[in-house]
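Below is one structure, written out as structure tokens; comments come after it.
Read the numbers this way: they start at 1 and go in the same order the structure lists the ligands and their atoms. Scope of the values below: all heavy atoms of this structure, side chains included, with no hydrogens, waters or symmetry mates.
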Amino acid sequence: MAIIAQKCPHITVTVVDLNEKRIAKWNDADVNNIPIYEPGLAAIVKEARGRNLFFSTEVEAAIDEAELIFISVNTPTKTYGSGKGMASDLKYIELCARQIARVAKNDKIIVEKSTLPVRTAEAIKNILENTGNGVQFRILSNPEFLAEGTAVEDLLNPDRVLIGGDPTAQGQEAIQLLSDIYSNWVSKDRILTTNLWSSELSKLTANAFLAQRVSSINAMSELCEKTGANVNEVAKAIGMDSRIGPKFLNASVGFGGSCFQKDILNLVYIAKTFGLNEVADYWEQVIIMNDHQKRRFAKKIVSALYNTVTDKKIAFLGWAFKKDTNDTRESAAIYVADDLIFEQAKIAVYDPKVKHEQILEDLNYLESRTESQNNKYIASFDNPYDACKDAHAIAVLTEWDEFNDYDWKKIYDSMLKPAFVFDGRNLLDGRKLTEIGFQYQAIGS
Ligand SMILES: NC(=O)c1ccc[n+]([C@@H]2O[C@H](COP(=O)([O-])OP(=O)(O)OC[C@H]3O[C@@H](n4cnc5c(N)ncnc54)[C@H](O)[C@@H]3O)[C@@H](O)[C@H]2O)c1
């Protein structure tokens with residue numbers, strides 16, 4: 001929405017959320033305090049905020065005034081009832097649709113921006129048409145393909161913008177209206193229009209294919225470790241094949257983030273609902289492989305540290321699920337920390353953008369132990385040198401660029417010996433660290 005506001009000064013964009021604390025942060029006088037860290041975002045918010053970009057908790061007033069409403073609420077994996085652990089929880093979407101129906105007094109276009117299971121538009125349409133005030137709603141699907149960490153760049157120069165709508169004249173008119181907004185900065189040949197169901201399913205498919213590549217190369221990383229092959233070399237060799245390409249081939253401790261796991265589980269659930277068990281099992285294996293990779297990394301640390309990490313200090317460089325974001329949802333760091341805390345290790349975290357409260361909250365969410373127990377095992381530091389001082393080992397969990405620039409000799413000198421580095425992101429220069437004296441272990445070599 002910030003990008004739309006920046007690129008279309010003639011359009012008023014109002015972002016509403018029920019969460020008052022979040023909206024207060026979006027309105028913070030110091031634009032660096034906005035709740036999402038994303039390179040380039042603060043400057044854009046600064047430019048448009050108060051001009052044609054507004055943040056508010058007045059949801060109903062905003063619904064009333066809008067001609068076009070983007071539903072962008074959360075669609076987490078269900079934690080209860082049928083489909084628990086797999087299906088998307090659509091309660092926020094439904095509540096949102098009902099609220100729009102109740103408040104709207106004139107015709108509106110409703111855009112599904114959240115990632116939704118195929119055929120959700122039908123449900124939204126049904127709710128809107130049967131609970132509303134007799135006004136006309138046109139539904140579009142416009143899934144978001146941005147990646148966190150590169151969101152601004154992805155939105156400014158998208159590979160494609162996908163808009164799904166009804167084949168009726170009214171549906172096509174709505175598609176045209178949304179397409180005209182994007183045309184302010186996206187060339188027409190990158191705006192793809194489809195029917196609603198293709199659009200909804202394309203988003204799940206894109207995430208499933210990307211996550212599958214990560215799990216595929218991670219499966220190879222384990223085989224590399226057993227055979228003396230080097231996964232980076234294998235990835236380079238296959239990535240140069242133009243049919244395969246180099247992206248999403250970095251072996252690592254596993255993918256995280258709020259989308260991949262949630263969307264694949266959702267796809268698995270949809271397949272199961274249609275009785276397509278082989279299809280479901282095929283995609284579920286991507287998740288099983290990812291879980292295995294996280295566990296395997298924790299096991300590798302314990303086994304290298306002479307099969308005991310009790311009371312040992314293990315420094316974590318990075319907690320966010322990837323670089324250039326402060327998002328920690330489903331971050332591999334959480335699961336690796338949890339496994340190591342089961343072994344009674346002390347974890348010392350440094351992440352350039354993640355705060356201690358978030359780290360603690362992530363661990364508490366797993367419900368493996370009480371908050372006070374977690375507190376005993378996890379500490380965080382505002383610089384890497386303190387985090388690593390007197391540590392037995394360092395584990396790299398996020399690929400922040402700055403980790404390469406540290407004074408690694410100074411870190412080595414401050415650690416207990418032998419000093420280990422477990423590079424869960426294959427980020428650091430292993431040869432340099434080995435020369436300093438570190439025992440360096442990367443993924444897949
Ligand atoms: N995060 C990403 O990179 C990304 C990328 C593409 C698509 N998506 C999809 O976008 C959707 C949102 O993801 P997110 O990461 O922003 O989730 P989020 O949980 O960070 O944000 C959702 C927000 O919606 C608010 N909300 C819920 N119900 C509301 C209501 N009735 N009225 C007003 N506000 C309400 C919540 O308070 C919350 O702040 C999901 O479907 C996700 O799959 C996310």
Checklist line | Reference residue Trp283; test ring-ring contact (aromatic ring centres under 6.0 Å, His included); the match among Phe260, Tyr269, Phe209 | finding: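 Single ring-ring contact (aromatic ring centres under 6.0 Å, His included) partner of Trp283 among Phe260, Tyr269, Phe209: Phe209.
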Below 3.5 Å only, please: the N or O atoms of ligand 1 paired with protein N or O atoms, distance on each line.
| residue | atom | partner | partner atom | Å |
| --- | --- | --- | --- | --- |
| ligand 1 | 1 (N) | Glu148 | OE2 | 2.6 |
| ligand 1 | 3 (O) | Glu148 | OE2 | 2.9 |
| ligand 1 | 15 (O) | Arg329 | NH1 | 3.3 |
| ligand 1 | 15 (O) | Arg329 | NH2 | 2.7 |
| ligand 1 | 20 (O) | Arg22 | NH1 | 3.2 |
| ligand 1 | 20 (O) | Arg22 | NH2 | 3.4 |
| ligand 1 | 21 (O) | Arg22 | NH1 | 3.3 |
| ligand 1 | 34 (N) | Leu18 | N | 3.4 |
| ligand 1 | 37 (O) | Asp17 | OD1 | 2.6 |
| ligand 1 | 39 (O) | Asp17 | OD1 | 3.2 |
| ligand 1 | 39 (O) | Asp17 | OD2 | 2.5 |
| ligand 1 | 39 (O) | Arg22 | NH1 | 2.8 |
| ligand 1 | 41 (O) | Thr75 | OG1 | 2.6 |
| ligand 1 | 41 (O) | Thr115 | N | 2.9 |
| ligand 1 | 43 (O) | Thr115 | OG1 | 3.2 |
| ligand 1 | 43 (O) | Lys262 | NZ | 2.5 |

Check: Looking at side-chain heavy atoms only, is the closest gap between Gln293 and Ile443 below 4.5 Å?
Finding: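 With C-beta onward as the side chain, the pair touches.
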Note to self: Quick check on the 6.0 Å ring-centre criterion: do Phe54 and Trp26 meet it?
What the structure shows: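 Distance test on ring centres: not under 6.0 Å, no.
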Notebook entry, point to check: Under the criterion side-chain contact (heavy atoms from CB on, under 4.5 Å), which of Leu192, Leu162, Asn207, Thr194 is the partner of Ser202?
Noted result: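 Exactly one candidate clears the test, Leu162.
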Margin query: Working to the nearest 0.5 angstrom, can you tell me the gap between Thr398 OG1 and Trp319 CH2?
Written below: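 The CH2 atom of Trp319 is 9.5 Å from OG1 of Thr398, to the nearest 0.5 Å.
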Checklist line | Over all atoms of both residues, closest heavy-atom pair of Lys262 and Pro76 | finding: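 In terms of heavy atoms, the two residues are closest at CD-CA, 3.9 Å.
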